[in-house]
Amino acid sequence: MINAENKQELQLAEDDETLKSEYMSSLRMIERLHRLLLDVVKDEFERHGCSEVNSIQALLLYNIGESELSAGELRSRGYYLGSNVSYNLKKLVEMGYINQERSDTDRRSVRIRLTEKGQEVCDIINGLYGRQLDALEKVGGISEGDLSGVNKSLLQLERYWTDQIRFRL
């Protein structure tokens with residue numbers, strides 16, 4: 001016979017399993033969406049006949065945009081892992097997409113900015129995002145409110161993970 005206390009324990013266990021299932025589903029979706037974004041960017045560059053830069057490098061150039069900053073600033077913005085940034089920046093400098101200059105005030109610091117060639121990559125990404133924005137609601141059925149809700153949840157998850165690291169929870 002199931003009494004009220006046992007019923008409550010069963011409900012809590014069921015709720016825990018549901019939360020775990022939803023959390024794991026969200027983690028898999030975040031990973032899949034990141035890989036899919038990289039594939040979408042790769043496809044866009046293939047359509048333009050541009051295979052010199054990979055999708056990671058293209059997004060790196062896009063995130064630099066009009067800014068002049070250091071590799072450390074890119075990392076601190078949370079876009080990239082350290083070795084990933086260093087390797088890709090080196091390659092992008094070698095290929096002529098980025099200019100590097102030593103800082104006048106701190107000779108140890110290197111400032112980077114896009115060359116005209118790098119700005120062309122940035123423009124391709126801007127065009128891609130613009131087309132996607134035009135079709136997002138009409139074709140994808142995704143409204144501004146939908147995105148706002150997703151962004152709120154992702155921001156909360158980011159804060160939670162940041163606290164896990166910062167406070168070693």
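Computed from heavy atoms alone, side chains included, the values below leave out hydrogens, waters and symmetry copies. None of the values given here were measured: they were computed from a predicted structure.
- Between Leu60 atom CG and Ile112 atom CD1 the span is 6.5 Å, to the nearest 0.5 Å.
- Using a 4.5 Å heavy-atom threshold, the side chains of Arg32 and Arg35 count as touching.
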Would you check, one step at a time, whether the test side chain to side chain contact (heavy atoms under 4.5 Å, CB included) holds for Ile125 with Leu61? CA-CA 9 Å; Ile125 299 290; Leu61 292 168; over 6 Å; no

Should Glu44 and Arg131 be marked as a side chain to side chain contact (heavy atoms under 4.5 Å, CB included) after you check the CA-CA gap, both sets of side-chain angles, and the distance that decides it? CA-CA 11 Å; Glu44 182 70 9; Arg131 284 194 323 278; 2.6 Å; yes

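- For Asp43 and Arg47, the salt-bridge test passes: some basic side-chain N is under 4.0 Å from an acidic carboxylate O.
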Starting from the C-alpha separation in whole Å, work towards a yes-or-no answer on side chain to side chain contact (heavy atoms under 4.5 Å, CB included) for Val121 and Phe45. CA-CA 9 Å; Val121 169; Phe45 279 88; 3.5 Å; yes

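- Residues Asn126 and Tyr62 have side chains in contact (heavy-atom distance under 4.5 Å, counting atoms from C-beta outward).
- Put simply, the side chain of Ser25 never gets that close to the backbone of Ser21: no donor and acceptor are under 3.5 Å apart.
- Clustering ILVMFWY residues whenever any of their side-chain heavy atoms sit less than 4.5 angstrom apart, transitively, puts Leu154 in the very cluster that holds Tyr23.
- Hydrophobic clustering of Ile, Leu, Val, Met, Phe, Trp and Tyr side chains at less than 4.5 Å, counting indirect connections, unites Trp161 with Met24.
- A salt bridge between Glu17 and Lys20 is absent, with no side-chain N of the basic residue lying under 4.0 Å from a carboxylate O of the acidic one.
- Between Val53 and Cys50 the shortest heavy-atom distance is CG2-SG, 4.4 Å.
- Grouping the Ile, Leu, Val, Met, Phe, Trp and Tyr side chains by contacts below 4.5 angstrom, directly or via other members, places Met95 with Val41.
- Using a cutoff of 4.0 Å between basic side-chain nitrogens and carboxylate oxygens, Lys91 and Glu52 are not scored as salt-bridged.
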Does Val150 form a side chain to side chain contact (heavy atoms under 4.5 Å, CB included) with Asp146? I'd like the steps, not just the answer. CA-CA 6 Å; Val150 166; Asp146 295 333; 5.7 Å; no

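- Within 6.0 Å of the CD atom in Glu116, the count of heavy atoms belonging to other residues, nucleotides or ligands does not exceed 12.
- Put simply, the side chain of Arg111 gets close to the backbone of Glu68: a donor and an acceptor are under 3.5 Å apart.
- Counting heavy atoms of neighbouring residues, nucleotides and ligands inside a 6.0 Å radius, atom CD of Glu46 exceeds 12 of them.
- Between Tyr97 and Gln57, the side chains place no donor N or O within less than 3.5 Å of an acceptor N or O (distance only, hydrogens not considered).
- There is a path of hydrophobic side-chain contacts, each under 4.5 Å, that joins Val40 to Tyr129.
- Glu66 and Arg113 are not joined by a salt bridge, as no carboxylate oxygen comes within less than 4.0 angstrom of a charged side-chain nitrogen.
- Checking Ser148 against Asn151 by side-chain atom types alone, no donor-acceptor pair falls below 3.5 Å.
- Cluster annotation: Leu37 and Ile64 are assigned to the same hydrophobic cluster (Ile/Leu/Val/Met/Phe/Trp/Tyr, side-chain heavy-atom contacts under 4.5 Å, transitive).
- For the pair Leu89 and Val110, the minimum side-chain heavy-atom distance is 4.5 Å or more.
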